[in-house]
Protein chains: 2
Amino acid sequence: MSDSTSMRRRAAHCSSCAMRHLCMPEGLCANDVSRLENIISVTRKIRRGEALFRAGDPFDSLYAVRSGSLKTLVTHGSSRDGGRERVTGLLLAGDALGLDGIGDGRHTCDAVALEDSTVCVVPYALFERMCRETDALQRRMHRMMSQAINRESDHVVRLGMLRADERVARLLLDMSARLARRGYAATEFTMRMTRDDIGSYLGMTLETVSRTLSRFDKLGLIEAHGKSIRIRDFERLRSI
Amino acid sequence: MSDSTSMRRRAAHCSSCAMRHLCMPEGLCANDVSRLENIISVTRKIRRGEALFRAGDPFDSLYAVRSGSLKTLVTHGSSRDGGRERVTGLLLAGDALGLDGIGDGRHTCDAVALEDSTVCVVPYALFERMCRETDALQRRMHRMMSQAINRESDHVVRLGMLRADERVARLLLDMSARLARRGYAATEFTMRMTRDDIGSYLGMTLETVSRTLSRFDKLGLIEAHGKSIRIRDFERLRSI
DNA sequence: CGAGAATTTGATGATGATCAAACATAGTGG
DNA sequence: CCACTATGTTTGATCATCATCAAATTCTCG
């Protein structure tokens with residue numbers, strides 16, 4: 001563990017926030033919940049721009065975002081542009097991450113903090129064992145992974161058949177909905193990703209992202225000042 | 001079950017093909033293997049163009065392709081073009097499918113046969129219970145889902161940052177590699193999807209797919225006669 | 001405050017979509 | 001088995017969208 005990250009025992013905090021999302025203790029008896037809290041008892045801080053893990057790192061834990069936000073990205077070992085990177089995911093508080101590593105025991109993408117963030121660490125070996133013993137937890141795990149698959153496939157659909165302005169509109173609405181679900185304001189939020197990140201995530205250039213946001217602003221759909229976004233007209237944004 | 005599909009008990013067949021891929025019996029004792037064979041003992045036939053399941057159908061089984069091939073697609077309940085569909089996956093013999101349904105108990109996409117095909121049916125309730133009892137099987141299940149997530153995210157990357165000809169080249173190489181892994185010829189195969197399906201899968205129009213294949217043919221990279229493809233120059237195809 | 005990073009905006013051009021029409025192939029019924 | 005119709009494929013011509021190049025401006029943070 002580098003000096004730039006710290007580990008702490010925080011069972012109380014974890015169980016009160018991220019764990020509820022990650023593990024959905026519904027159906028777990030008090031005894032199970034306390035065992036689970038024991039497994040998920042370490043918090044890790046990641047400072048803006050730092051990586052929680054990188055592609056190729058050995059996989060040993062899942063994570064749940066406790067505060068802040070992260071992006072996942074793959075570095076495309078490709079043909080001509082030797083190594084452009086591509087943003088594949090945007091994780092907010094409560095989201096689980098690290099599932100990619102289960103496949104071959106190594107992470108397949110980088111996870112980088114978009115702002116100073118904290119995550120709950122879930123040692124996979126322990127978690128897996130507990131899944132086997134507690135059927136509600138196993139069910140929750142399977143559902144979580146299935147939903148991750150569906151999210152990705154939604155994203156594929158969006159990328160493949162929407163125009164640039166439609167993609168941007170969807171992203172804004174998606175952010176809004178996700179934040180609302182977490183109890184934050186749905187109309188006003190901060191896009192932590194740079195225009196470049198957004199472009200990479202949506203499959204377009206940063207200039208097109210910028211132009212699109214400017215246009216939305218002029219049309220009165222949103223108010224965009226740098227990273228801060230305010231949605232003014234959900235209806236028209238949806239109908240784009 | 002409609003008359004166009006039939007169900008049969010076929011433990012022997014299933015265990016000898018799809019089950020090996022789906023469940024990777026390594027680490028299972030003889031007793032476990034026989035229990036598993038008992039769970040996966042029904043085969044279902046789907047004729048070309050018919051659906052194994054549709055979005056919205058209640059989820060109760062996973063499937064493993066035993067012969068033939070299928071595509072998965074989502075019908076995009078979208079803004080202006082009221083309901084275009086988008087191909088999200090291409091499944092070959094040995095591939096698992098149906099994982100999308102675990103999330104909310106309903107399938108989120110259609111699975112349609114590209115040719116007359118058969119699948120092994122894996123009742124999920126039984127399978128899930130057995131996962132809980134057999135750790136090797138649970139591990140296999142988790143890895144399978146994780147790999148599904150990674151495959152999708154690869155696809156996202158391809159769609160978002162590759163040009164049309166690069167996407168087509170990747171698809172051909174991907175097909176070739178997957179067939180080779182199954183013991184089929186790597187250089188010569190039949191693309192069961194129509195140009196329209198391919199375009200939908202790769203996020204471009206059928207005309208562009210057709211043009212690209214024609215160009216590859218003229219350049220001596222492949223030989224394309226309708227759906228039959230022969231790869232003539234892997235190196236140059238990779239370097240596109 | 002100052003330097004590097006990020007953003008905005010403009011001008012231009014290439015890639016791929018769209019429209020259109022000829023052609024091939026496969027499935028169907030006489 | 002063949003003709004016929006559906007469906008799928010190829011190819012061409014034109015045009016829109018978005019990428020690229022470039023430069024000015026604003027933001028951020030050390």
Side-chain angles (χ1 to χ4, degrees), chain A residues 4 47-50 71 79-81 84-87 112-116 158-169 171 190-219 222-229 240, chain B residues 4 47-50 71 80-81 84-87 112-116 158-171 190-219 222-229 240:
Chain A
S4 54
R47 281 208 292 241
R48 178 200 164 100
E50 287 178 349
K71 62 180 174 181
S79 39
R80 48 189 209 292
D81 53 331
R84 275 218 60 80
E85 58 185 35
R86 200 46 232 270
V87 174
V112 174
L114 291 167
E115 59 194 303
D116 295 355
R158 278 192 282 234
L159 278 181
M161 79 177 168
L162 269 45
R163 285 195 322 257
D165 55 353
E166 296 176 306
R167 294 181 209 171
V168 173
L171 175 62
T190 304
M191 270 296 212
R192 303 287 177 175
M193 292 199 290
T194 65
R195 300 292 190 257
D196 203 4
D197 283 337
I198 297 172
S200 169
Y201 184 57
L202 297 179
M204 64 184 81
T205 59
L206 70 160
E207 292 95 329
T208 301
V209 174
S210 175
R211 268 186 256 272
T212 304
L213 289 173
S214 297
R215 185 148 32 84
F216 284 177
D217 192 319
K218 281 200 192 70
L219 292 171
I222 64 172
E223 260 173 52
H225 294 104
K227 297 203 193 307
S228 91
I229 302 280
I240 273 181
Chain B
S4 55
R47 280 207 293 240
R48 176 200 166 103
E50 287 178 350
K71 64 179 172 181
R80 46 190 212 289
D81 53 330
R84 276 218 61 79
E85 56 186 34
R86 196 50 228 268
V87 175
V112 174
L114 291 167
E115 59 194 302
D116 294 356
R158 277 193 282 235
L159 278 181
M161 81 176 166
L162 269 45
R163 283 194 323 256
D165 55 353
E166 296 176 308
R167 293 182 210 172
V168 174
R170 297 290 186 102
L171 175 62
T190 304
M191 269 299 213
R192 304 287 177 175
M193 292 199 290
T194 66
R195 300 290 190 256
D196 204 4
D197 283 338
I198 298 172
S200 171
Y201 185 56
L202 297 180
M204 63 184 83
T205 59
L206 68 158
E207 292 96 328
T208 301
V209 173
S210 176
R211 270 186 253 275
T212 304
L213 289 173
S214 297
R215 186 148 31 85
F216 284 177
D217 192 317
K218 281 200 192 70
L219 291 170
I222 64 173
E223 259 173 54
H225 295 104
K227 296 203 193 310
S228 91
I229 302 280
I240 273 179

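Here the structure is a predicted model, which means the values were calculated and not measured. The sequence lines fix the lettering, A, B, ..., with proteins before strands; numbering per chain opens at 1.
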Could you check whether any side-chain N or O of [X] sits under 3.5 Å from a backbone N or O of [Y], counting only pairs where one atom can act as donor and the other as acceptor?
X         : Y         : result
Arg195(B) : Gly226(B) : yes
Arg158(B) : Arg170(B) : no
Ser200(A) : Asp196(A) : no

I need the [atom1]-[atom2] distance between [X] and [N], as an integer number of Å.
X         : N       : atom1 : atom2 : result
Asp116(B) : dA26(C) : CG    : P     : 15 Å
Leu162(A) : dT17(D) : CG    : P     : 14 Å
Leu206(B) : dT18(C) : CG    : P     : 10 Å
Lys227(B) : dA26(C) : NZ    : P     : 9 Å
Glu207(B) : dT11(D) : CD    : C1'   : 10 Å
Met161(B) : dG16(C) : CE    : C1'   : 19 Å
Arg192(A) : dT7(C)  : CZ    : P     : 13 Å
Ile229(A) : dT7(C)  : CD1   : C1'   : 12 Å

For dA6(D), the Watson-Crick or wobble partner whose two distances fall under 3.5 Å: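 Matched dA6(D) with nothing under the 3.5 Å cut-off.
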
dA5(C) pairs with which nucleotide, Watson-Crick or G-U wobble, both distances below 3.5 Å?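 Paired with dA5(C), as far as the under-3.5 Å criterion goes, is dT26(D).
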
Assign [X] to base, sugar-phosphate, or nothing according to its heavy-atom contacts below 4.0 angstrom with the strands shown.
X         : result
Thr205(A) : base
Gly203(A) : sugar-phosphate
Arg167(A) : nothing

Let me confirm one number: the CD1-NZ distance from Ile198(A) to Lys227(A), rounded to the nearest 0.5 Å.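 With rounding to 0.5 Å, CD1 (Ile198(A)) is 7.5 Å from NZ (Lys227(A)).
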
dA6(D), syn or anti by chi within 90 degrees of zero: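 Classified syn.
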
Could you pick out which residue, Ala224(B) or Gly226(A), lies toward the 5' side of DNA chain D when each is mapped onto its nearest nucleotide?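 Its nearest nucleotide lies further toward 5', so the answer is Ala224(B).
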
Would you mind telling me which of [options] lies closest to the side-chain atoms of [X]?
X         : options                  : result
Arg163(A) : dT18(C), dT9(D), dT17(D) : dT17(D)
Ser210(A) : dT8(C), dG27(C), dG8(D)  : dT8(C)
Thr194(A) : dA6(C), dT9(C), dC29(D)  : dA6(C)
Ala164(B) : dT7(C), dG27(C), dG16(C) : dG16(C)

Please determine which of Arg47(B), Arg48(B), Arg192(B) meets the side-chain hydrogen bond (donor to acceptor under 3.5 Å, both in side chains) test together with Glu115(B).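 The passing option is Arg192(B).
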
At under 4.0 Å, does any side-chain N or O of Thr208(A) touch on OP1 or OP2 of dA19(D)?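 Answer yes for this pair, as a side-chain N or O of Thr208(A) is under 4.0 Å from OP1 or OP2.
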
What heavy-atom pair brings Tyr201(A) and Arg86(A) nearest, and what distance separates the two atoms?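 Answer, listing the atom of Tyr201(A) first, then Arg86(A): O-NH2, 3.1 Å.
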
Could you check whether the side chain of Arg211(A) and the base of dT20(D) have a donor-acceptor pair of N or O atoms closer than 3.5 Å, going by distance alone?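 Result: at least one qualifying N/O pair found.
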
